[in-house]
Amino acid sequence: MERLILMGDEAIAQAAIDAGIMGAWAYPGTPSTEIFEYIEGHKPADRQIFTQWSANEKTAYEEALGMSYAGGRCIVSMKHVGLNVAADAFMNSAITGANGGLVCIVADDPSMHSSQNEQDTRFFAQFAHVPCLEPSTQQEAYDMVYRALSFSEEIELPVLVRIVTRLAHSRAPVVPQPRIDQPRQPLITDKNRFILLPANARRHWAALIGRWSEVEQSVWDLGLDKLELRGSKLGVIAAGVSWNYLQENLAGVEHEISTMKVGAYPLNKPMLAQLFAHCDQVLVAEDGYPFIEQALRGVLDTPPKPVVGRITGQLPRTGELSPTTLRPALGLPAQPTATPPIANLSGRPPALCKGCPHITSYLALNKVMAEHGDGGRVLSDIGCYTLGALPPYTAIDTCVDMGASVSMAIGAAATGVFPAVAVIGDSTFAHSGMTGLLDAVRANINMVLVILDNDITAMTGRQESALVGSPLIKLLEGIGVDPEHIRVVNPIPKHQEAIEQVFREEIAYTGLSVVIPTRPCIQIRRK
Ligand SMILES: Cc1ncc(C[n+]2csc(CCOP(=O)(O)OP(=O)(O)O)c2C)c(N)n1
Ligand code: SF4
């Protein structure tokens, strides 16, 4: 078999193709974006695979669930906060179950390299009662996804695969498995299965709880956890990429540490029992929250033997683990670190590109907001335009979650903030801004919504955006924004004064207006 050099994201995508998916859906987000991009770019000529960037993670998950319902294998991928958006569909899909293999890949971002939090997806899997697999290498990422698609069919449940940034974005050799045909399960004929009326849902939920110990056993039978008992009384449990950090530290070292590798959840209770019977103390190394450590300690903090890790301070409580942070907890001396020869380089904060259309919009907005003293606020959102928070613009006051700009501006305006301005990008508006706008229209909120239409989803690498140009204007009119207060402007520097005047007029209007600075991102051609 050929050996491929793949990023974790690409290994997952290749596995999904080889295991016979008929569809892949996603909404972009670092570090998961490349999964979908790879599938889109590597569809084998001899098979049909439906691929589409979805409007948001919830629609992506539901589109995949529809394919699973109809019997096809599929994957849906997103970043960790995307699962918050897809949570309604995800939670309920544990109750309907899956028909065709349904694998949801969620990429967590410990240390928040490009995210607003470091939430740990393993809690979501536990919450929903869905098995979760956690690879430690690119090869495992490949093998787990390849297996997860058929496993999902066997247990008739979606399967979640959790990865983290380090695995998603680093490369290693991967040996693929044979490409299989695209299997199709028979259509579901039991009408009650996917109709979650309370009477059905109660029955399905009770059935899931009733067979949960069987599901657990099937997860353990996948053989993804490994136990090695040795002489010393220290045992180390390591999950996902932390297993690599452990291996890196123990390579070439004579040691007697017992180890347990966790590759799947629910946690392997029989294996844990063996480890605890053998060891006097257990150290837990896991990237993300102290999920395993907390489970072992329990609410009363009474584990059968001392358990240490992130909660007890042997490992840092927040941020990514690394081989270096793990060493002292293993009782190993610190390794000498090399001083980079370019240590004197000053830091370079991220910035809007020179010539970015958002710059003119912010310069104009800043000028007009200043005319209103300190009472106004600019509620913003997530995208390249969030960089407007930094000097020299310092143009925005908030950035919380996708779509929050519009709904938070409603709340602020209702409290008397004036001017209340919301700033959102086109992709973010399509993702989850338009529902907030519907609320604003119905209450004719006195606010100005600025939709920065740069034709693409720039921040995550210039993917297509679901709603730009004239369809965007038609939608605004269709949901009831007064056409006289939909103002399209061209954000080039020589139009700045004209744009300021448009902002002035729309702020002066008592009611809802939408201003749309429309000009393509200057990086668009690089795609
Ligand atoms: C729930 C969620 N999904 C995905 C992301 C990743 N993400 C950050 S900004 C963004 C969209 C940016 O596009 P747009 O709104 O068009 O603004 P632009 O970057 O083009 O200025 C995405 C997908 C996220 N932060 N949260
Ligand atoms: S990538 Fe495009 S939208 Fe983002 S800062 Fe650069 S020019 Fe602006």
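Every number for a ligand or one of its atoms is a count from 1 in the order of the listing. When a residue number appears, it is its place in the shown sequence, counting from 1. Computation of the quantities below employed the complete heavy-atom set of this structure, encompassing side-chain atoms and omitting hydrogens, waters and symmetry-equivalent molecules.
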> Taking the side chain as everything from C-beta on, heavy atoms only, tell me whether Val103 gets closer than 4.5 Å to Phe151.
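Counting from C-beta outward, Val103 and Phe151 never come under 4.5 Å.
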> Using a strict cut-off of 4.0 Å, indicate which atoms of ligand 1 neighbour a heavy atom of Asn454.
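Selected atoms, number and element: 18 (P), 20 (O), 21 (O).
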> Does the plane of the ring in Phe36 sit parallel, tilted or perpendicular to the ring in Trp53? Use 30° and 60° as the thresholds.
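Tilted, since the angle between the ring planes falls between 30° and 60°.
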> For ligand 1, which atoms sit closer than 4.0 Å to a heavy atom of Val85?
1 (C)
> If we ignore angles and hydrogens, is there a donor and acceptor under 3.5 Å between the side chains of Thr510 and Asn446?
no
> Checking side-chain contact (heavy atoms from CB on, under 4.5 Å) against Pro290, which of Leu315, Ile311, Asp120 comes through?
Ile311
> May I ask you to check whether Glu37 and Gln463 show a side-chain donor-acceptor distance below 3.5 Å?
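Note: Glu37 and Gln463 side chains meet the donor-acceptor criterion.
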> Under a 4.0 angstrom heavy-atom cut-off, which atoms of ligand 1 come close to Ile456?
16 (O), 20 (O)
> Side chains of Thr460 and Tyr27: do they bring a donor and an acceptor to under 3.5 Å?
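Side-chain D/A pair, Thr460 to Tyr27: absent.
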> Once you measure the plane-to-plane angle for Tyr146 and Tyr142, does it fall in the parallel (<30°), tilted (30-60°) or perpendicular (>60°) bin?
parallel
> Counting each atom of ligand 1 from 1 as listed, which ones have a heavy atom of His358 under 4.0 Å away?
21 (O)
> Within ligand 1, which atoms have a heavy atom of Met459 less than 4.0 Å away?
9 (S), 19 (O)
> Identify, for atom 26 (N) of ligand 1, the protein heavy atom at the shortest distance, and state residue, atom and that distance.
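The closest one turns out to be Met402 SD, 3.3 Å.
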> Any idea which of Gly461, Ala458, Pro28, Gly383 brings a heavy atom closest to atom 20 (O) of ligand 1?
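Residue with the shortest heavy-atom distance to the ligand atom: Ala458.
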> Suppose I only count heavy atoms of Lys79 and a 4.0 Å limit; which atoms of ligand 1 are within that range?
4 (C), 5 (C), 6 (C), 24 (C)
> Using a 4.0 Å heavy-atom cut-off, say whether Thr460 meets ligand 1 through its side chain, its backbone, both or neither.
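Side chain only; the backbone of Thr460 stays clear of ligand 1.
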> State, without any angle test, whether Glu500 and Gln496 hold a side-chain donor-acceptor pair at a distance under 3.5 Å.
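A donor-acceptor contact under 3.5 Å links the two side chains.
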> Are any of the N/O atoms in Thr428 less than 3.5 Å from those in ligand 1?
yes
> Any idea which protein heavy atom is nearest atom 8 (C) of ligand 1, and the distance to it?
Ile382 CG2, 3.4 Å
> What protein N, O or S atoms come within a distance below 2.8 Å of atom 2 (Fe) of ligand 2, ordered by chain and number?
Cys521 SG
> Strictly by modelled atom types, are Tyr385 and Thr428 linked by a side-chain donor-acceptor pair under 3.5 Å?
yes
> Give the atoms of ligand 1, by number and element, whose distance to some non-hydrogen atom of Gly29 is under 4.0 Å.
6 (C)
> Record the part of Tyr27 in heavy-atom contact with ligand 1 below 4.0 Å; permitted values are side chain, backbone, both and neither.
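Only the side chain of Tyr27 comes within reach of ligand 1.
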> Given side chains that start at C-beta, do those of Phe503 and Glu371 come closer than 4.5 Å, heavy atoms only?
no
> Decide yes or no on side chain to side chain donor-acceptor pair (under 3.5 Å) for Glu57 and His431, but give the supporting numbers first.
CA-CA 8 Å; Glu57 293 86 353; His431 176 280; 2.6 Å; yes
> Of the listed options (Gln523, Glu57, Lys58), which comes nearest to atom 1 (C) of ligand 1 when hydrogens are ignored and any heavy atom counts?
Glu57
> Could you tell me whether the side chain of Glu293 and the main chain of Arg310 form a donor-acceptor pair under 3.5 Å?
yes
> How far is atom 16 (O) of ligand 1 from its nearest protein heavy atom, and which residue and atom is that?
Ser427 N, 3.0 Å
> Taking atom types as modelled, is there a side-chain donor on Glu62 or Ser93 under 3.5 Å from an acceptor on the other?
no
> Given Cys384, Ser115, Ser32, which has its nearest heavy atom closest to atom 19 (O) of ligand 1?
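Nearest heavy atom to atom 19 (O) of ligand 1 lies in Cys384.
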> Numbering the atoms of ligand 1 from 1, which are under 4.0 Å from a heavy atom of Tyr385?
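Those qualifying, in numeric order: 15 (O), 17 (O), 21 (O).
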> Output yes when Lys58 and Asp88 qualify as a salt bridge under the 4.0 Å nitrogen-oxygen rule, no when they do not.
no
